[in-house]
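Below, each value reflects all heavy atoms present in this structure, side chains not excepted, and no hydrogens, waters or symmetry copies.
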Amino acid sequence: NITIVYHNSEYPGEHAFRLKSSESEQVYALITPGELTGPAIFSVDLPVGNYTFELFDSNGDGFRNEDFTYTGGYMDLLVDGEVIFHVDEEFLNSIIFSFHVPLA
């Protein structure tokens, strides 16, 4: 079980993400720019396999605002309750994180 926890208090509409299989390219979760309006939690049941999580920022500043001060935003990706990916800082355009979902 995958849980995506999104919290960004200032500019959530800038962010988007995609969770897909690295093997088949099947998309399991997709949020496009403008869909996020505030904190959100998404849960996805994934079969055993390799996956890619891509986080995008249309403004190119990640979880910081225009003057590059911290906004309090973050995103976590959890597998069976354990955080495997966390971002709370500046990044340009996108971050790509690959991971494996083991047999339960």
Side-chain angles (χ1 to χ4, degrees):
N1 187 14
I2 301 298
T3 305
I4 301 165
V5 178
Y6 175 84
H7 176 73
N8 185 5
S9 56
E10 282 197 56
Y11 303 108
E14 294 178 359
H15 296 129
F17 66 82
R18 177 175 48 211
L19 175 61
K20 67 179 184 172
S21 167
S22 300
E23 296 145 355
S24 70
E25 298 294 316
Q26 179 177 348
V27 175
Y28 287 89
L30 177 65
I31 296 295
T32 58
E35 282 190 64
L36 291 169
T37 58
I41 297 176
F42 305 90
S43 293
V44 182
D45 288 325
L46 297 175
V48 172
N50 296 310
Y51 295 89
T52 301
F53 180 77
E54 299 169 288
L55 174 61
F56 305 96
D57 186 323
S58 62
N59 198 43
D61 61 358
F63 286 97
R64 295 178 185 257
N65 62 23
E66 291 174 358
D67 62 0
F68 297 101
T69 57
Y70 179 66
T71 66
Y74 66 88
M75 181 170 243
D76 288 335
L77 183 64
L78 298 87
V79 173
D80 296 328
E82 180 181 337
V83 175
I84 62 166
F85 173 77
H86 173 85
V87 62
D88 64 1
E89 70 246 357
E90 178 183 1
F91 61 89
L92 298 176
N93 301 319
S94 69
I95 292 178
I96 298 173
F97 177 73
S98 297
F99 64 98
H100 178 77
V101 173
L103 190 60

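Among residues two or more places apart in sequence or in another chain, the side-chain hydrogen bond (donor to acceptor under 3.5 Å, both in side chains) test is passed with H100 by N50. For E25, the salt bridge (Lys or Arg N to Asp or Glu O under 4.0 Å) criterion is met by K20, not counting sequence neighbours. The side-chain contact (heavy atoms from CB on, under 4.5 Å) check on V87 picks up L55, F63, M75, F85, E89, F91, I95, with sequence neighbours excluded. Scored by the side-chain contact (heavy atoms from CB on, under 4.5 Å) test, V101 finds I2, L46, Y51, F99 as partners (sequence neighbours excluded).
Note that the CG atom of D88 and the CG atom of D76 stand 8.5 Å from one another [nearest 0.5 Å]. Distance check, rounded to the nearest 0.5 Å: CZ of R18 to OG1 of T52 gives 9.5 Å. Note that the CG atom of L77 and the CD atom of E82 stand 11.0 Å from one another [nearest 0.5 Å].
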For residues 33-45, run the donor-acceptor check on the side chains, cut-off 3.5 Å, and write out each pair with its distance to 0.1 Å, sequence neighbours left out.
| residue | atom | partner | partner atom | Å |
| --- | --- | --- | --- | --- |
| E35 | OE2 | T32 | N | 2.9 |
| E35 | OE2 | T32 | OG1 | 2.6 |

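The two residues S94 and F56 make their nearest non-hydrogen contact at CB-CD2, 3.7 Å. A pairwise comparison of heavy atoms in I4 and F53 identifies CD1-CE1, 4.0 Å as the closest pair.
Other residues sharing a hydrophobic cluster with L30 under the 4.5 Å side-chain heavy-atom criterion for ILVMFWY residues are V27.
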